[in-house]
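Data block below; observations after.
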Amino acid sequence: MITIPLGAALLGAGLLLTAAGFVARAWRRRTGALELAQRELSRRLSELFSLQELTFLLSESLDPDRIVRQVARYVVRFLGADGAVVALARSGDEDIHIAGAEGTLSYLEGTKVPRTDTGILASVVTSGQLERADGSEPQGKTLLAGFPMRRMAVAPLRAHGTTHGAIAMVGGGDPFTEGQVRLLTTVAVHTATVLTNGHLFQLIKSGKEEWESTFDALSSGIALLDERGVVRRANRAFAQIISRPITEVPGVPFVETVFGQSPEVVALLDSARRGERPAGITIRSERWRRVFQLHTTPMPGTEPGGLVALIDDVTERKALEAQIIQHEKMAAVGQLVSGVAHELNNPLTSIAGLAELLTEQPGMPPRAREHLAVVHDQAERAGKIVRNLLTFARQGPAEFGTVDLNDVARRTALLIGYEVRLREVTMLTDLAPDLPPVRGDRYQLQQVVVNLLTNAVQAVGINPPGRPRQVTLRTRQQEDRVVLEVEDTGPGIPDEHLANIFDPFFTTKEPGQGTGLGLSLSFSIVARHGGTLQVHRGPDGGALFAMTIPATRSSVTASPLARSEPSAGDITTRRGTVLLVDADPAVRGMITALFRDAGHRVEAARDAAHGVQLLGERNFDLIIADPGATMADGGRFADILMAQWPGLRDRTILATADVRPGTEEWLRELGCRYVRKPFNAADLRKVAGEVLGQDRK
């Protein structure tokens with residue numbers, strides 16, 4: 001048996017007790033640390049849960065009003081605050097807007113705070129720094145001026161270097177812990193980021209909507225093309241061009257859809273893909289029967305080969321430009337024809353008048369009389385051709401009046417007679433008797449008939465041997481309307497072209513043979529006259545164009561320059577003294593011979609000054625004058641005559657070769673009788689007989 005000394009036993013027991021105490025203390029320390037760690041873990045998990053909840057709240061909407069209200073509720077719910085506000089400071093605004101409030105501060109929602117307010121809220125918005133108060137400050141702090149709080153914390157809403165507002169939480173108990181303040185700061189950062197992103201999203205969305213509205217509002221068609229030339233996106237104007245709903249446009253091939261097979265357009269797109277800046281082209285689409293102007297450019301920021309195509313429908317504009325050019329050409333032709341006509345009318349007057357005088361001479365051999373008759377007839381024929389050329393070439397504003405379509409038809413048939421004979425075409429006319437007149441501009445209506453007849457003659461001119469080359473011009477009355485028809489025996493118009501025959505620039509002729517404007521302009525002219533122009537298939541397979549215009553009840557009034565029925569011997573009823581004023585020697589000789597042979601005394605003035613001199617020296621029973629004869633100072637003889645001797649108005653006959661549009665109006669204002677050169681002797685005899693047969697008072 002081993003015996004342990006008492007002292008050693010006591011020492012051992014003491015050591016054991018000491019060790020046990022050490023272990024117990026160590027265990028208690030470890031248990032406390034574990035409890036602290038467990039509490040910290042629980043707190044962090046709670047913060048993580050609350051931040052996850054905040055993430056859900058902030059991801060629900062980009063509406064700033066909804067966001068700030070949710071954040072204010074979150075602060076009260078998860079941060080242990082009695083009340084919370086979210087204030088926003090908009091750029092350029094002098095006030096701070098409390099957009100969200102919860103708890104004890106809910107009554108502040110919707111209020112405004114000046115940026116100069118002395119409270120912590122305005123200070124944080126200005127400085128962008130966190131501020132807090134626990135009630136122990138010697139001078140005291142307030143959230144807003146006049147709103148003291150015991151404890152509070154205010155964090156700035158700061159993102160991308162800009163302060164957008166602040167979040168404040170208040171309480172009535174112990175001061176907020178560091179964890180609460182840290183969590184408030186985290187909430188403020190997330191909230192500021194979401195508000196900024198929401199603002200940027202709204203800017204992008206608004207810009208996108210404005211861009212799309214502008215994109216669709218443009219009248220020009222715009223198409224975004226990929227490297228294969230397929231439309232990725234387009235505006236409504238482009239969809240209208242290709243007659244498709246906007247939703248069906250993406251995916252269509254651009255060139256084939258708009259232009260069909262077009263090497264010019266393909267070359268333009270290839271040029272743009274190479275990075276060049278090609279000039280736009282104006283090209284007609286046979287598929288759509290329209291004229292388009294096309295521009296292309298590379299599209300930056302997309303895959304290689306992407307293009308922007310800008311397309312405009314310029315059909316009407318090109319038609320108007322062509323019409324203006326045509327008008328300018330016709331105006332030039334009109335000026336040329338007017339000048340030629342003025343120069344031709346005087347010699348034609350002499351030829352026709354002298355031939356008629358020689359024919360009336362006694363003892364004239366029959367053979368010579370026949371030759372003179374031919375000379376007279378050909379001179380009159382030349383005069384008619386000149387008048388018809390003037391009618392066709394005349395340009396100016398429309399002058400509506402009463403028009404005889406039968407007369408228009410006859411004149412037009414005579415005008416294109418040369419081409420009819422050249423192409424060996426048979427021209428038939430079937431003009432209805434007693435055809436009522438129409439109201440319109442005879443020159444524009446004649447232009448329509450010229451276009452219709454010319455097209456018909458050209459159509460039958462290409463008929464193969466054995467097929468008749470015949471054009472029929474007819475008029476008829478249809479109830480209260482007048483119809484003029486042009487029918488031909490040509491190849492006719494294919495059914496697929498009938499719907500486009502009146503479109504600008506549409507033509508079935510070979511390139512370079514026609515502009516495609518004649519029928520389009522004719523259609524517009526007839527429409528302005530309240531009528532219609534239609535095309536049908538003719539009975540013999542050709543084309544039949546029908547112009548229908550409302551009839552008018554007014555009777556056709558003869559022009560003051562219209563030719564009168566000839567009657568011989570009118571100037572022999574009374575003999576007198578005649579003053580003749582004309583610068584053309586041949587005209588003076590013809591008229592002098594005409595009146596001297598009838599027993600009159602004729603004083604011939606070589607110019608206007610000579611005529612005025614003779615008027616001042618003696619009296620005259622009859623005055624025959626060219627109204628265009630001028631004095632050295634430019635004054636016209638007719639104006640001087642009416643100004644100085646107004647009593648001679650009824651004794652004056654003005655014989656003019658001037659064919660300008662304003663001349664006729666000027667002559668009407670003078671109030672004298674007048675005739676137009678070339679006239680025949682019978683016309684002048686009759687008018688002169690009326691003057692000489694007047695009673696003199």
Side-chain angles (χ1 to χ4, degrees), residues 326 329-330 333-334 336-341 343-345 347-349 351-352 355 373-395 403-433 435 442-463 467-476 484-490 509 513-514 518-519 521-522 525 538 540 542-547 559 561-563 659 676-680:
Q326 182 68 12
K329 288 181 178 179
M330 293 303 296
V333 171
L336 176 63
V337 170
S338 296
V340 172
E343 295 302 318
L344 284 176
N345 281 337
L348 287 175
T349 299
I351 294 171
V374 172
V375 172
H376 180 271
D377 292 342
Q378 292 304 306
E380 285 208 330
R381 180 185 176 193
K384 290 180 180 178
I385 292 174
V386 170
R387 285 195 294 272
N388 284 326
L389 282 173
L390 287 169
T391 298
F392 180 65
R394 174 187 176 273
Q395 294 297 309
V403 180
D404 181 1
L405 277 186
N406 278 345
D407 182 63
V408 171
R410 293 189 192 97
R411 288 175 176 268
T412 308
L414 178 63
L415 185 64
I416 68 166
Y418 174 76
E419 186 169 4
V420 170
R421 294 189 297 274
L422 181 66
R423 295 179 180 267
E424 299 179 348
V425 175
T426 301
M427 173 76 75
L428 302 178
T429 57
D430 180 14
L431 307 182
L435 189 72
R442 68 174 295 110
Y443 306 103
Q444 291 187 358
L445 293 176
Q446 183 168 22
Q447 184 178 356
V448 174
V449 181
V450 167
N451 288 337
L452 297 181
L453 284 177
T454 302
N455 286 346
V457 170
Q458 292 175 353
V460 300
I462 61 174
N463 279 356
R467 183 175 177 83
R469 299 184 177 186
Q470 180 176 301
V471 174
T472 302
L473 174 61
R474 67 172 63 91
T475 59
R476 57 187 173 87
L484 183 145
E485 294 178 340
V486 176
E487 180 184 342
D488 64 67
T489 58
K509 299 176 183 178
Q513 299 298 315
L519 289 177
L521 294 176
S522 298
I525 290 173
D540 298 325
L544 188 153
F545 286 85
M547 176 178 71
S559 166
L561 299 184
R563 301 177 64 86
V659 293
R676 178 186 291 168
K677 298 176 182 177
F679 52 81
N680 59 29

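Numbering of residues begins at 1 and proceeds along the displayed sequence. Side chains are part of it too, since the values below use all heavy atoms of this structure and drop only hydrogens, waters and symmetry mates. Keep in mind it's a predicted model, so treat the numbers as computed, not measured.
When the side-chain hydrogen bond (donor to acceptor under 3.5 Å, both in side chains) test is applied to E485, the partners found at least two apart in sequence or on another chain are R474, R476. Taking R467 as the reference, nothing meets the salt bridge (Lys or Arg N to Asp or Glu O under 4.0 Å) condition, with sequence neighbours excluded. For Q378, the side-chain contact (heavy atoms from CB on, under 4.5 Å) partners at least two apart in sequence or on another chain are V374, R381. Considering only residues two or more places apart in sequence or on other chains, R469 meets the salt bridge (Lys or Arg N to Asp or Glu O under 4.0 Å) condition with none of them. N406 is linked by a side-chain hydrogen bond (donor to acceptor under 3.5 Å, both in side chains) to T475, counting only residues two or more places apart in sequence or in another chain. Remark: D430 engages no residue in a salt bridge (Lys or Arg N to Asp or Glu O under 4.0 Å) (not counting sequence neighbours).
Shown here for A409 and L431, the closest heavy-atom pair between the two residues is CB-CD2, 4.0 Å. Across all their heavy atoms, Q470 and V460 have their closest contact at O-CG1, 3.8 Å. Contact detail for N451 and S522: the closest heavy-atom pair is ND2-OG, 3.0 Å. Of all heavy-atom pairs spanning V375 and A355, the tightest one is CG1-CB, 4.0 Å. Smallest separation of non-hydrogen atoms from Q446 and V408: CA-CG1, 3.8 Å. For the residue pair A456 and V486, the shortest heavy atom distance occurs at CB-CG1, 3.8 Å.
To the nearest 0.5 Å, atom CG of residue L473 and atom CZ of residue R410 are 10.0 Å apart. Here the straight-line distance linking atom CG of L452 with atom CG of L484 works out to 7.5 Å at 0.5 Å rounding. Remark: I416 CD1 to R411 CZ distance equals 15.0 Å, nearest 0.5 Å. Atom CD1 of I351 sits about 9.0 Å away from atom CG of L344, to the nearest 0.5 Å.
Remark: the backbone N or O of V449 is not paired with any side-chain donor or acceptor of T412 at under 3.5 angstrom. Between the side chain of D488 and the main chain of G542, no donor-acceptor pair closer than 3.5 Å is present.
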Evaluate side-chain contact (heavy atoms from CB on, under 4.5 Å) for E419 paired with L453, printing each intermediate quantity in order. CA-CA 10 Å; E419 186 169 4; L453 284 177; over 6 Å; no
